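Written out below as structure tokens is the structure these notes cover.
Just so we're clear, the structure is a prediction, and the values are computed from it rather than from any experiment. Throughout, residue positions are numbered sequentially from 1 according to the sequence presented.
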Amino acid sequence: MNFRAKTVLLLFAFFVNLTALAAPPNLAAESKEHPTPTTYKEAAPIRTFKRITSTDQLISGRRYLIAYGGEDYPTEVFVAKNISKDGNLDSDNLQLEGQNELSIQDDNYSFILLQVASGSNKAWVIQQQNGKYLKVEKNSSWFYLADKQLKDCRWNINSSSNGIKFIFQNQNQRNYRIVRTSSNNKFSVSESKYSTLVLFQEVLDPATVSISSVGYATLYYGDRALTVPEGVVAKTYAVENGLLVNTKEYVAGDVIPQATAVVLKGKEGTYTFESATTEGTTPEKSDLYGYDTEQNTSVDNAKYYYKLSLDDNGANVGFYWGQDNGAAFTSGAHKAFLAVKEAIASKAFSFDREVTAVKSVGLNPARDAVYSLAGMRMLPSRLPAGVYIKNGKKIIVK
């Protein structure tokens with residue numbers, strides 16, 4: 001081959017290579033090499049449950065496992081699972097940790113018990129994690145799911161003779177009970193039979209709260225009652241006649257009820273609030289609210305929203321607008337905020353001094369009402385030693 005022919009072939013090969021480089025990529029092949037990323041669901045937390053030994057330990061709003069076990073099953077129990085549609089409750093055989101505890105990373109095993117009646121008519125509803133309530137219907141051995149707490153969703157919970165097992169019984173159909181069928185490991189409803197069941201209650205970690213040098217903090221837990229530790233006073237507040245009124249006070253050893261938002265007062269430090277086994281006393285009135293997760297404040301008919309803060313001069317601690325004009329703001333998890341439904345013009349409610357801007361149009365202070373020098377309305381029956389204002393005059397309590 002002569003030199004001219006070789007040159008032509010080399011130029012042709014070079015052109016072919018350039019064409020290949022300029023060609024668009026093979027999209028089909030690329031999609032195989034780079035598949036669409038998989039979306040992963042956040043794993044459920046590991047929850048620990050402990051066997052309860054008395055109906056007095058039942059706490060409304062707490063998570064429970066409904067299980068079958070006992071002397072015949074010293075190291076294991078059959079735990080009921082939520083159902084997605086009407087039918088029986090499937091169960092799984094789970095190993096006990098010791099004799100009284102289970103740790104589970106699956107919320108579909110737990111149910112929430114909510115007390116809906118007290119006294120001689122004490123009754124509970126059983127709520128699944130999807131928000132549905134378990135109920136039964138006459139002449140049926142199946143569970144049905146309801147969106148609301150209907151009468152046929154109510155159950156009595158009674159201790160057996162040895163005090164560690166429980167029987168569920170429908171309030172309206174008293175012969176209907178939850179039973180376990182050993183042949184298929186399911187829980188169903190029976191009119192003629194019954195099974196003694198075991199309840200496991202979720203073990204909740206203590207709540208830890210830090211109080212800064214200003215001497216105040218807030219607290220809210222929607223799923224548990226908490227015991228006030230030494231060195232802290234917890235208070236609830238409401239706005240009356242344009243003034244911040246102390247409506248309830250919890251001292252060391254008292255129980256703050258579940259879903260009760262409070263203001264904490266104490267010296268600078270970190271305090272541990274243990275989960276309580278009793279319910280505590282709910283205040284008659286409170287304008288404090290809270291959430292278990294961070295979210296925007298929202299209360300029916302509320303006009304203004306306030307958060308615990310110092311004033312602009314860093315001098316007085318109290319409740320101040322979280323946003324301009326008292327608009328809704330993002331409240332942190334387990335924090336309390338103040339929501340005012342009255343159409344008042346105040347930007348703040350101070351704990352340390354009366355805020356002159358606080359007033360309510362068309363309302364007069366209640367006669368014989370007692371106020372602290374900071375402007376907070378007090379309960380006359382529980383006045384600590386100090387100086388107070390009553391009907392515009394100073395009074396001294398020794």
Side-chain angles (χ1 to χ4, degrees), residues 211 214-220 226 228 232-251 254-257 259-266 280-290 297 299-311 315-322 326 331 335-397:
I211 296 180
V214 301
Y216 289 91
T218 63
L219 176 66
Y220 173 88
L226 297 168
V228 180
V232 179
V233 175
K235 296 182 179 182
T236 60
Y237 291 95
V239 175
E240 296 181 6
N241 301 319
L243 294 173
L244 193 63
V245 180
N246 175 209
T247 58
K248 184 70 178 175
E249 182 175 291
Y250 304 94
V251 298
D254 288 346
V255 174
I256 304 170
T260 299
V262 295
V263 174
L264 305 177
K265 181 173 175 57
T281 304
T282 303
E284 293 184 2
K285 182 179 181 182
S286 178
D287 290 328
L288 297 179
Y289 301 86
T297 56
V299 176
D300 290 343
N301 302 318
K303 300 290 185 181
Y304 304 103
Y305 295 94
Y306 303 76
K307 66 179 179 180
L308 185 71
S309 177
L310 289 168
D311 63 14
N316 297 300
V317 63
F319 281 103
Y320 298 84
W321 282 352
S331 181
K335 304 292 185 182
F337 62 91
L338 180 71
V340 178
K341 299 179 182 180
E342 301 177 40
I344 61 177
S346 175
K347 296 182 179 180
F349 296 95
S350 173
F351 296 135
D352 299 326
R353 60 180 175 81
E354 184 175 358
V355 180
T356 56
V358 177
K359 59 183 180 179
S360 183
V361 179
L363 296 175
N364 296 316
R367 182 173 178 79
D368 296 328
V370 178
Y371 297 91
S372 72
L373 294 180
M376 292 183 291
R377 188 171 178 177
M378 309 295 291
L379 296 177
S381 61
R382 296 187 63 180
L383 289 177
V387 180
Y388 301 92
I389 305 297
K390 180 178 180 180
N391 296 331
K393 298 180 180 180
K394 288 184 178 181
I395 63 172
I396 300 175
V397 177

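Proximity of a side-chain donor or acceptor of Thr247 to a complementary backbone N or O of Lys285 within less than 3.5 Å is detected.
Distance check: Tyr320 OH to Leu310 CG gives 7.0 Å after rounding to the nearest 0.5 Å. With values rounded to the nearest 0.5 angstrom, Asn301 atom CG is found 7.5 Å from Lys303 atom NZ. In this structure, the separation between OG1 on Thr260 and OH on Tyr289 is 12.0 Å, given to the nearest 0.5 Å. Between the CG atom in Leu219 and the OH atom in Tyr250 there is a gap of 11.5 Å [rounded to 0.5 Å]. Rounded to the nearest 0.5 Å, atoms NZ (Lys307) and OG1 (Thr218) are 11.0 Å apart.
Minimum heavy-atom separation, Lys265 to Ile211: C-CD1, 4.3 Å. Here the shortest heavy-atom pairing between Ala302 and Ala339 reads CB-CB, 4.1 Å. The two residues Val232 and Val228 have their closest heavy-atom pair at O-CG1, 3.3 Å. Closest heavy-atom contact between Glu249 and Val233: CG-CG1, 3.5 Å. Minimum heavy-atom separation, Ala261 to Ala336: CB-CB, 3.7 Å.
Residues Leu308 and Phe319 are in side-chain contact: their nearest non-hydrogen atoms beyond the backbone lie under 4.5 Å apart. At a threshold of 4.5 Å between non-hydrogen side-chain atoms, the residues Tyr237 and Pro283 do not count as touching. Under the 4.5 Å side-chain criterion, counting only non-hydrogen atoms from C-beta, Leu338 is in contact with Leu244. With a 4.5 Å cut-off on side-chain heavy atoms, Leu288 and Tyr220 do not count as touching.
Ring-plane geometry between Trp321 and Tyr306 is classed as tilted, the angle between the planes lying from 30 to 60 degrees on a 0 to 90 degree scale.
Considering Ile256, Thr236, Asp254 in turn, Thr236 is the only one that fulfils the side chain to side chain contact (heavy atoms under 4.5 Å, CB included) rule with Lys248.
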